[in-house]
Amino acid sequence: MNPYDHTKIEKKWQKVWESKKPNKVKEDKKKKKFYALIEFPYPSGAGLHVGHPRPYIGMDIIARKRRMEGYNVLYPIGWDAFGLPAENYAIKTGIHPAIITKQNSDTFRRQIKLIGISFDWSREINTTDPKYYKWTQWIFLQFLKKGLAYKKKMTINWCPKDLIGLANEEVVNGCCERCGTKVEKREKEQWMMAITKYAERLDKDLDDTEFLEKIKIQQRNWIGKSEGAEIDFELEGSKEKIKIFTTRPDTIYGVTYIVLSPEHPWVKNRTNDSEVNVYIAKIKEKTDIERTDAKSEKTGIELKGVWAINPATKEKIPVWIADYVLADYGTGAVMAVPAHDERDFDFAVKYGLPRKEVIIPRLIDHKNPHQPGKEVVYRHAIIAVVRNPKNNTYLCLKWKKQTWITFVIGGVENGEDPGAAAIREIREKTGYKNIKLVKMLGEAQSEFYAAHKGVNRIAHTYNILFDLIDEEKDVVASEEQEIHDLVWTPAASITKDNMIHNEMELILTRIKNDYAYTGEGILTRSGPFDRKESIDVKKEITESVGGKWVTKFKLRDWVFSRQRYWGEPIPVVHCEKCGIVPLPEKELPLKLPKVKNYAPSQTGESPLASIEKWVNTKCPNCKGKARRETDTMPNWAGSSWYYLRYTDPKNKKTFADKKNLEYWTPVDWYNGGMEHTTLHLLYSRFWHKFLFDLGLVPTSEPYKKRTSHGLILAEGGAKMSKSVGNVVNPDDVIKVVGADTLRVYEMFMGPFDQPIAWDTNNIAGSRRFIERIWKLQEKIGKVSVNNKIETTLHKTIKKVSEDIEEMRFNTAISSIMILLNEFDKEETISKEQYQIIIQLLAPFAPHVTEELWTVLQNKGSVHSAPWPQFDQNRLIENNVSISIQVNGKLRGNMTTPKDTPDKEVQKMALNMSEIKKWTDGKVIKNVIVIKNRIINIVIE
RNA sequence: GCCCGGGUGGUGGAACUGGUAUACACGCACGACUUAAAAUCGUGUCUCUUAUGGGAUGCGGGUUCGAUUCCCGCCCCGGGCACCA
């Protein structure tokens, strides 16, 4: 046996793969296909770091396993090469971005090949290749034709450092996603993509995918679907109406004012009020971060002399403008319900606007629930919380016949004011005469069984706080005295547990702080809807005020233009006569012209605008004077459809032949970073659906399954970055320990989907593992039948097979290690046994396993050998270890033949000396036997 | 604030459907081999305790014969969203 020489072995096989191209695939209808995809990288100047290959290796393992299972596997790679770093470099050095891109992708390719990823290199693509972006432009023209790409003057997010407009998705905390500079607002004509037209389907169709649940949730949150009502509010003395959107039409009887966003069109047309104008101007100056920071205090101004009519109550209510209402969501106007919405509540408190409670929580007493068959009695009641502010004590009633402690409680008589009722009850029950109403603590519907009356009670309770002015009191009637004693209780003892009321939480919180009750509940003060459940009446109440039930989305249309050089030129011209005219398809690709200066202009135009020769052209329509569009497409354009091009990367007639698309799509398994969930993943699903609607792709979803990987962090847990200087280069690792070790280590280091810090010390373990696999070849020899080792072998096949499917690569490797440990204990192992361990390891460590495969004098490649199958019968162990517990504590262990009858196992256990020690002299209450696992003896 | 994850030895992390917590690996200690070291191999390694035994899966409760796993209430860390009416 030669010593394990990773350099020699890896060079040898990489050379073979380079010439024989075993991973080059052709469409073959006789074979089942499998399309594995990873996110193609942006080839940066820094080259690959060890974090890059983690997803490639993970997917490579799956791809290799699929090949061994007989699938025709497409596992492609390419370069997402448009983007700012190459352009910024060009600005600095004057070197054309294409040259840098070429250099960088050459480096990436070389590095990836060193790792032995089984990509089909014959299908390599590059988004900056005119042969590729011809089709990106072509797809754009289809969007344009259908009116889904359009130009719009709008305020955009402008990065003053990069001199570039940003999509909402590219703004993080009000800062540029790339450089972190605070984003400004600018008015500009922009190309837009109407992704919102697809919002409903982008949300709904997630149901049919096998995306990880967290990915679906994140996409759904981003799309932000919500259902609600659009309701018109008439303006007094005017025919005009203000349309509002609300998800809580059930609270409409509680609307005490309405609010328009400062940008609301209705406001624009009638600003003769100078104060209002000043306010609006001030808001316009604010940046988006200041504007949308939920923590900042809300501001607003009343439109004096303007009144709206609450369509439910017909009451006159004021109209306000406020910055907390967003112009571009819903209708840009809201109905304010300060009693039941936190924002309205804050605003109402600040500006002294009234609140009206119309929803009360439904409190069901679970300890004392309604009894079936008993009469249900509904009544209004008060709970009077009387406080002595001098010593901070509360007046409680200690009931004599019941174990209750309550505040002063009592009924509200027909037509009686609850506050008056409370004062009356306090006098009758306690005698105190001089009390002061402090505040209402809110209302509730309390449902319980009133044992002393034998009825099921539904009480609408008014919780009211009073302060005691002085101790003066009347004599209390003797009947009342017999029912309860008065106890002044310190505040600390007034708790949820000490008091019987359902309403305690409400009372205790509201004594300290008022708040808006935003939950569902029972309607009150809502005319015909009183006593109904809020959740049931939303649609009915909407109809009653002439409103419409609608669906709204948070998702906004996609800002599609960039004022930069290094992107796909948008293939349209602006004609003096005809307006926007698309280039004829045969003129595609519209190539990027050569330019001297790559820097964008301060006016916000792309460097393309300065190339007169290129810009000035003829209208393809009327042949008159026209100017080319100088905006380019965003980075996300090329990556929105690249997976389609892989199916037919060289096609000159179409973006991909229908036959190829039909064979390969959808992508069976797409792995990528969580950071692309709301951007790339959503955009590409949108493009795909659009192409599907045109009949150009066969499926409505591009990806069947989507998983994600965790980032690899630098040693110590920080993000790897060139500027910090903590980047680990895979080339260096490979030189020392080899690609196979790197691969095994990256998969073994922790769960694939979680971020993890690089740890150079730990690599040694993976290297040792491969060396031991290598040395194991010396043990091949004649063996006698060993059932135990066969069982382990088949268990390992099962575990590795299943773990790979779940991307649990770390436990797959650990189970191979366990098998190796077993083999190592043996004098000899069989060639067949050795072969299986090699096959199981082949997807993880493709070079060394290929070498060992030939050492075993096998023909062909281990990577095309069939994936090992486990034998169900071999999984069964003859003997099982059963642990014995006494009262749940482990006290002993025994080995029995598998499936020994419970009674027998029980008898054996009870007879064991270490068990007897615990059970002697004790009564055995129960013995629980779980077959082949555990016995629990329960003693007194 | 809301929505997702997560919290287990000195470290990275295992644990089926509620059934022997700490697999596998790193590190460390000791031993073998060696003139010596490295490498390799072997043994040990949650913790307290002389021991019988006790205690440990972020904290506090609960359900259960039995809880890392289920339920309730908190704390901490990571990610996403954030005035979306």
Return a table of donor-acceptor pairs under 3.5 angstrom between the side chains of residues 254-261 of chain A and protein atoms on other chains or two or more places apart.
from, atom 1, to, atom 2, distance (Å)
A/Thr256, OG1, A/Pro354, O, 2.9
A/Tyr257, OH, A/Asp344, O, 3.2
A/Ser261, OG, A/His264, N, 3.3
A/Ser261, OG, A/Gly332, O, 3.4

request  = Quick one: list whatever passes side chain to side chain contact (heavy atoms under 4.5 Å, CB included) with A/Asp803, sequence neighbours left out.
outcome  = A/Lys799, A/Arg808, A/Thr811, A/Ala812
ask   = If you take all heavy atoms of A/Pro311 and A/Phe233, which pair is closest and at what distance?
value = CD-CE2, 3.5 Å
Side chain of A/Asn810 (C-beta onward), nearest among B/C24, B/G13, B/G54 = B/G13
key: Pairs meeting criterion salt bridge (charged side-chain N to carboxylate O under 4.0 Å, His left out) with involvement of residues 913-935 of chain A, two or more places apart   = A/Asp902-A/Lys931
request  = May I ask you to evaluate whether A/Lys825 reaches the phosphate of B/G42, defined as a side-chain N or O under 4.0 Å from OP1 or OP2?
outcome  = no
Give every pair of a protein N or O atom and an N or O atom of nucleotides 72-74 of chain B that lie under 3.5 Å apart, one pair per line with the distance.
none

query = Do the non-hydrogen side-chain atoms of A/His6 and A/Val848 ever get within less than 4.5 Å of each other?
reply = no
Pairing partner (Watson-Crick or G-U wobble, both distances under 3.5 angstrom) of B/G31 = B/C41
message = With a 4.0 Å limit, can you tell me whether A/Ser815 has a side-chain N or O closer than that to the phosphate oxygens OP1/OP2 of B/A23?
response = no
task = With sequence neighbours left out, write down each residue that passes ring-ring contact (aromatic ring centres under 6.0 Å, His included) with A/His676, or none if nothing qualifies.
result = none
note = Side-chain atoms of A/Ile934 come closest, of B/C83, B/G19, B/C4, to B/G19
message = Given the structure, check if the side chain of A/Arg933 and the base of B/C16 hold any donor-acceptor pair shorter than 3.5 Å.
response = yes
task = May I ask you to check whether over 12 heavy atoms, not counting those of A/Lys243, lie within 6.0 Å of atom NZ?
result = yes
Set of residues satisfying side chain to side chain contact (heavy atoms under 4.5 Å, CB included) with respect to A/Asn761, sequence neighbours excluded = A/Asp759
ask   = Base, sugar-phosphate, or nothing: which does A/Phe748 touch, judged by heavy atoms less than 4.0 Å apart?
value = base
task = Please identify each residue that fulfils ring-ring contact (aromatic ring centres under 6.0 Å, His included) with A/Tyr517, with sequence neighbours left out.
result = none
message = Taking ring-ring contact (aromatic ring centres under 6.0 Å, His included) as the definition, give me every residue that meets it alongside A/Phe748, ordered by chain and number, with sequence neighbours left out.
response = none
ask   = Paired with B/A23: which nucleotide, if any, by Watson-Crick or G-U wobble criteria at under 3.5 Å for both distances?
value = none
ask   = With both distances kept under 3.5 Å, what pairs with B/U63, Watson-Crick or G-U wobble?
value = none
Under 3.5 Å on both distances, the Watson-Crick or G-U partner of B/C2 = B/G80
Which protein N or O atoms sit under 3.5 Å from an N or O of nucleotides 38-41 of chain B?
from, atom 1, to, atom 2, distance (Å)
B/U40, OP1, A/Arg768, NE, 3.3

ask   = Among all residues two or more places apart in sequence or in another chain, which pass the salt bridge (Lys or Arg N to Asp or Glu O under 4.0 Å) test with A/Glu520?
value = A/Arg248, A/Lys538
ask   = What is the glycosidic conformation of B/G9: syn, defined as within 90° of 0, or anti?
value = syn
key: Partner set under ring-ring contact (aromatic ring centres under 6.0 Å, His included) for A/Trp918, not counting sequence neighbours   = none
task = Taking only the side-chain nitrogens and oxygens of A/Lys554, find out if one of them lies under 4.0 Å from OP1 or OP2 of B/A82.
result = no
Footprint string (nucleotides 60-67 of chain B, 5' to 3'): B base within contact, S backbone only, - free, heavy atoms under 4.0 Å = -----BS-
